[in-house]
Amino acid sequence: MTYPWPTDPPSPAQRHAYADAVARPFWVDTLPQRDTHPPLGETTEADLCIVGGGYTGLWAALYAKERDPARDVVVLEATRCGNGASGRNGGFMQSSLTHGIANGLARFPEEMDQLERLGFQNFDALARDLERLGIDAEYEPTGDLLLALEPHEVDELESDAELARRFGHRADVLDAEQTRAQVSSPLFLASLWTHTGSALVHPGKLGDGLRAAAVRAGVRVYEYSPARELKRSRTGVSLSTEGGVVQARLVLLATSAYPPLLRAIRRYIAPVYDYALMTEPLGAAQREAIGWRGRQGLGDMANQFHYYRLTADDRILWGGYDAVYRYGGPVGPALDDHEPSFAMLSQHFFTTFPQLEGIRFSHKWGGAIDTCSRFSVFFGKALDGRVAYALGYTGLGVGATRFGARVGLDLLDGRPGDATGLSMVRHRPLPFPPEPLRSGVIQLTRNRLAAADRAGGRRGLWLTALDRLGLGFDS
Ligand SMILES: Cc1cc2nc3c(=O)[nH]c(=O)nc-3n(C[C@H](O)[C@H](O)[C@H](O)COP(=O)(O)OP(=O)(O)OC[C@H]3O[C@@H](n4cnc5c(N)ncnc54)[C@H](O)[C@@H]3O)c2cc1C
């Protein structure tokens with residue numbers, strides 16, 4: 001038996017480690033205070049109204065103004081900008097637009113050369129944009145280590161490396177000793193070090209920097225202004241909030257895992273919750289005990305995987321593994337706290353880094369992932385092209401949202417761009433079935449993925465059938 005995770009319940013010490021943790025995303029909790037943008041309290045007109053003030057909405061607002069400074073652009077945000085997935089993620093910024101090369105090849109084999117090229121361009125341009133816009137998002141081009149914790153995973157690394165190199169990445173396979181020389185854990189059997197197309201950012205600073213840049217460019221931002229209804233109007237599209245109405249010529253929906261304003265989109269998105277813990281800053285001896293001088297982003301390879309990284313002040317963010325889907329797909333603050341996930345995360349953290357025994361977690365939180373069946377952003381238009389949407393990044397949107405925003409704008413403006421002709425942009429994913437079948441299918445799939453992890457990666461009948469149908473489930 002090589003399965004690395006304990007089957008006993010988490011110990012009292014492992015639960016105690018997060019007992020005082022604040023139940024808020026570290027990235028948002030530690031941002032400098034700022035004034036809230038006032039909610040919409042009137043009827044106003046706009047050339048473009050963007051619903052959702054996460055990365056997608058804010059990048060789109062910024063580029064809409066850059067492309068045409070005379071355009072009047074409004075952002076409606078239900079709570080505070082950057083408080084959705086954009087303020088809760090791991091900050092792993094990747095060049096992939098397709099949730100990895102293997103997933104992209106399975107779904108868009110003809111377009112992968114171009115999608116990878118566009119992904120690299122987007123990744124490089126994002127870093128240049130941060131510089132140009134003066135956004136200090138603690139960008140660190142560290143690369144990442146994909147960690148094998150089981151023998152069958154070690155066997156896959158060489159072919160993963162070849163695939164990455166085929167698409168222009170610099171990637172090296174490290175054996176156990178070399179891997180542990182990078183980051184010290186008794187669980188690490190080998191790894192794939194991808195040096196290219198992978199960086200770390202501070203998610204909160206990225207979101208808040210984009211918001212500030214959009215405001216500087218003249219975008220009008222309304223916070224605590226959830227759009228309740230979207231309908232056709234004389235001028236184009238009318239969006240109503242509790243306090244007012246936006247009469248817009250065009251609308252971009254950037255609402256991620258939240259209930260979409262267009263019913264037709266609901267069947268494509270399943271909100272899946274992912275949870276994370278953040279440690280207190282490591283002391284000098286703790287820092288020494290784990291190595292990690294290269295500060296790479298880390299992730300283990302199983303279907304249920306953890307992602308972990310260092311922050312600028314040497315805390316460890318530890319998240320993932322236990323993706324949770326609830327009947328009906330609710331999203332809301334009450335779901336940010338999930339004791340069983342935190343207990344398991346803590347247990348797995350100390351199993352991975354026993355030398356950090358005694359360290360405590362300062363923050364714990366959860367966030368909803370806009371999972372779709374192809375694991376990558378999809379687009380569409382409605383109301384005769386007056387409304388467009390970009391959603392479905394499925395847990396890999398820190399970099400891809402910049403691409404999604406630009407393509408969404410191209411679609412609205414009717415402007416042929418580098419990507420608008422791609423079938424990845426023109427076609428939507430297969431829909432999920434309605435409830436109660438949806439929960440049944442998702443829970444069965446999660447259960448089978450966990451079983452495959454416990455059985456040395458053997459995928460079994462259900463997962464093999466889904467693979468053949470091009471359906472799947474991931475966070
Ligand atoms: C826990 C977690 C970890 C992740 N880790 C990574 C990672 O390491 N790397 C990576 O690449 N990706 C990661 N992701 C995914 C990434 O965070 C998202 O793909 C990305 O932030 C999506 O940005 P967005 O703007 O589309 O959505 P969001 O940031 O969710 O923004 C949507 C916004 O729309 C608003 N909204 C919704 N409905 C309405 C309405 N009716 N009216 C007004 N406003 C509305 C919401 O309040 C929200 O602010 C992670 C996600 C989670 C949850």
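What you see is a predicted model, and the numbers here were worked out from it, not measured in a lab. Only this structure's heavy atoms are used, side chains among them; waters, hydrogens and symmetry mates stay out. We count ligands from 1, going down the list as the structure has it; atoms in each ligand are counted the same way.
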Give the contacting part of [X] toward ligand 1: side chain, backbone, both or neither, where contact means a heavy-atom distance below 4.0 Å.
X: T401; result: side chain
X: Y275; result: neither
X: R88; result: backbone
X: Y258; result: side chain
X: F92; result: both
X: C81; result: neither

4.0 Å heavy-atom contact, Q94 with ligand 1: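 Outside the 4.0 Å threshold, so no.
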
At the 4.0 Å heavy-atom cut-off, does N83 count as touching ligand 1?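 No, N83 has no heavy atom closer than 4.0 Å to ligand 1.
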
Could you verify whether a donor N or O on one side chain and an acceptor N or O on the other, from [X] and [Y], lie under 3.5 Å apart?
X: R374; Y: H99; result: no
X: Q94; Y: S198; result: yes
X: H195; Y: D144; result: no

What are the atoms of ligand 1, with element, lying closer than 4.0 Å to any heavy atom of [X]?
X: G367; answer: 53 (C)
X: P226; answer: 42 (N), 43 (C)
X: A368; answer: 53 (C)
X: D274; answer: 1 (C), 2 (C), 3 (C)
X: Y55; answer: 21 (O), 25 (O)

I need the single residue from Y321, Y275, W365 that forms a ring pair (Phe, Tyr, Trp, His ring centres under 6.0 Å) with F342. Which is it?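 So, applying the ring pair (Phe, Tyr, Trp, His ring centres under 6.0 Å) to F342 and each of Y321, Y275, W365, only Y275 qualifies.
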
Applying the ring pair (Phe, Tyr, Trp, His ring centres under 6.0 Å) test to F349, which of W5, Y18, Y307, F361 qualifies?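 The passing option is F361.
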
[options]: member with heavy atom nearest to [atom]:
atom: atom 27 (O) of ligand 1; options: G320, G319, P271, S256; value: S256
atom: atom 52 (C) of ligand 1; options: L261, I369, V51, V272; value: I369
atom: atom 32 (C) of ligand 1; options: G207, A254, G297; value: A254
atom: atom 17 (O) of ligand 1; options: P259, A85, A390; value: A85

How long is the straight-line distance from CG of D418 back to OG1 of T420, given to the nearest 0.5 Å?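 The OG1 atom of T420 sits 8.0 Å away from the CG atom of D418.
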
Going from CD1 on I101 to OG on S95, what distance comes out if it is rounded to the nearest 0.5 angstrom?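 With rounding to 0.5 Å, CD1 (I101) is 7.5 Å from OG (S95).
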
Report the nearest protein non-hydrogen atom to [atom]: residue, atom name, distance rounded to 0.1 Å.
atom: atom 5 (N) of ligand 1; answer: G90 N, 3.0 Å
atom: atom 24 (P) of ligand 1; answer: T56 OG1, 3.5 Å
atom: atom 34 (O) of ligand 1; answer: G52 CA, 3.2 Å
atom: atom 38 (N) of ligand 1; answer: T255 CG2, 3.5 Å
atom: atom 4 (C) of ligand 1; answer: N89 CB, 3.1 Å
atom: atom 49 (O) of ligand 1; answer: E77 OE1, 2.7 Å
atom: atom 29 (O) of ligand 1; answer: S86 OG, 2.5 Å
atom: atom 41 (N) of ligand 1; answer: A227 O, 3.0 Å

Checking the N or O distance criterion of under 3.5 Å, is ligand 1 in contact with [X]?
X: A78; value: yes
X: V398; value: yes
X: G395; value: yes

Does the pair [X]/[Y] count as a salt bridge with the N-to-O cut at 4.0 Å?
X: D336; Y: K364; value: no
X: R446; Y: D322; value: yes
X: E66; Y: R132; value: yes
X: D410; Y: R415; value: yes

Measuring centre to centre across the rings, with the benzene-like ring taken for any Trp, is F375 within less than 6.0 Å of Y393?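 Distance test on ring centres: not under 6.0 Å, no.
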
Taking the ring of F353 and the ring of H348, is the distance between their centroids below 6.0 Å?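 Not under 6.0 Å, so no.
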
Does atom [atom1] of [X] have more than 12 heavy-atom neighbours, drawn from other residues, nucleotides or ligands, at distances under 6.0 Å?
X: R293; atom1: CZ; value: yes
X: E339; atom1: CD; value: yes
X: E131; atom1: CD; value: no

